[in-house]
Amino acid sequence: MTALLCGSSQTHLGTQMPSGGGHIINAKRARFPTCAEEQTLHPYYDDYTQQQWIFAQLDVAGPPVLVFHVNAPAHWPQVSRLRAKRHFDVVKLGVSYTSNANDELIPLRHHLTTIAATKGVAGVQAYLAEEQARYATRLNCWQHIMFQTLAANPWFIGGGYLQIPQ
């Protein structure tokens, strides 16, 4: 059996122990992409920043929460659509984005309440639109998607934010 060692430039053959504090990775169990659609996105070689492909929906069945998902543009080649979805799943962007955005909803509730007290629903709408525009150069960042989703939701703008737990 041949295994690669993390933290070491040596290979492990038979019963030889790793040196340098490395740990063994069983090469037979490792899973590598076998085709293009199984590859994740490379930050230097793949540019998936020009169009939005991550979106969110506001779930209001209980306290409002944002849930992120992939919806790649229909005109993208199928392999690009599959790679975007695979990247989202493997890197766990949905978990990360959902956690970050929902954590931000608590202070946002207080801020929107303050705005609504002086500027009403129009002020809430304007603030959410301004925040969305502030992140518009990063179409797939969680902040842009969060404000985009909230700014487009009449229930949220009309006072649904008051359902966010304090």
Side-chain angles (χ1 to χ4, degrees), residues 4 6-7 25 29-116 119-166:
L4 303 177
C6 290
I25 298 175
R29 292 188 186 181
R31 171 93 168 87
F32 299 99
T34 58
C35 55
E37 53 270 1
E38 290 181 356
Q39 294 177 353
T40 57
L41 307 181
H42 191 283
Y44 298 117
Y45 302 121
D46 297 317
D47 186 5
Y48 281 64
T49 63
Q50 300 304 309
Q51 294 177 308
Q52 188 172 348
W53 54 275
I54 303 175
F55 294 86
Q57 74 178 56
L58 183 63
D59 182 353
V60 297
V65 293
L66 289 157
V67 180
F68 291 78
H69 61 276
V70 172
N71 186 12
H75 67 274
W76 280 10
Q78 182 67 9
V79 70
S80 296
R81 295 171 58 85
L82 292 170
R83 285 186 68 204
K85 174 72 170 116
R86 173 125 172 107
H87 185 82
F88 184 85
D89 293 341
V90 168
V91 180
K92 298 185 181 347
L93 284 178
V95 173
S96 176
Y97 279 26
T98 296
S99 176
N100 289 339
N102 290 320
D103 190 48
E104 189 63 28
L105 289 178
I106 296 167
L108 182 61
R109 178 193 197 276
H110 174 72
H111 191 64
L112 294 179
T113 302
T114 303
I115 291 171
K119 298 180 183 173
V121 173
V124 170
Q125 171 69 51
Y127 173 76
L128 294 172
E130 287 169 14
E131 289 299 295
Q132 177 188 350
R134 185 163 75 113
Y135 293 102
T137 58
R138 296 173 32 217
L139 295 174
N140 293 295
C141 76
W142 67 265
Q143 297 96 329
H144 176 263
I145 300 163
M146 176 182 80
F147 288 112
Q148 175 187 53
T149 303
L150 298 178
N153 189 294
W155 174 83
F156 188 83
I157 294 165
Y161 57 86
L162 295 171
Q163 301 304 311
I164 298 168
Q166 294 189 45

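Of the inter-residue distances, the one linking Ser99 atom OG with Lys92 atom NZ reads 14.0 Å to the nearest 0.5 angstrom. Between atom CH2 of residue Trp53 and atom NE2 of residue His69 there is a gap of 12.0 Å, rounded to the nearest 0.5 Å. Distance check, rounded to the nearest 0.5 Å: CZ of Arg86 to CG of Leu82 gives 10.5 Å. Expressed to the nearest 0.5 Å, how far CE of Met146 lies from CD of Gln132 amounts to 11.0 Å. Taken from CH2 in Trp76 to CZ in Arg81, the straight-line distance is 8.5 Å, to the nearest 0.5 Å. Atom CD1 of Ile157 and atom CG of Leu112 lie 9.5 Å apart (nearest 0.5 Å).
In terms of heavy-atom proximity, Ala101 sits nearest to Leu66 at CB-CD1, 3.9 Å. Looking at every heavy atom in both residues, Pro64 comes nearest to Leu58 through CB-CD1, 4.0 Å. Heavy-atom minimum distance, Gln51 versus Asn140: O-ND2, 3.1 Å. Across all non-hydrogen atoms, the minimal contact from Val124 to Ala116 is CG2-CB, 3.8 Å.
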Would you mind writing out the side-chain donor-acceptor pairs for residues 147-156 within the sub-3.5 Å range, not counting sequence neighbours?
| unit_1 | atom_1 | unit_2 | atom_2 | d |
| --- | --- | --- | --- | --- |
| Gln148 | OE1 | Gln52 | NE2 | 2.7 |
| Gln148 | NE2 | Gln52 | OE1 | 3.1 |
| Thr149 | OG1 | Ala56 | O | 3.4 |
| Thr149 | OG1 | Ile145 | O | 2.8 |
| Asn153 | OD1 | Trp155 | N | 3.0 |
| Asn153 | OD1 | Phe156 | N | 2.8 |

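Take Asn100 and apply the side-chain contact (heavy atoms from CB on, under 4.5 Å) test, not counting sequence neighbours, and it matches Ser96, Trp142. In this view, Lys119 satisfies the side-chain hydrogen bond (donor to acceptor under 3.5 Å, both in side chains) rule with no residue, not counting sequence neighbours. The side-chain contact (heavy atoms from CB on, under 4.5 Å) test applied to Thr114 returns His110, not counting sequence neighbours. In terms of the side-chain hydrogen bond (donor to acceptor under 3.5 Å, both in side chains) criterion, residue partners of Arg134 (sequence neighbours excluded) are, by chain and number, Glu131. Evaluation of the ring pair (Phe, Tyr, Trp, His ring centres under 6.0 Å) rule for His111 yields Tyr127 as partners, not counting sequence neighbours.
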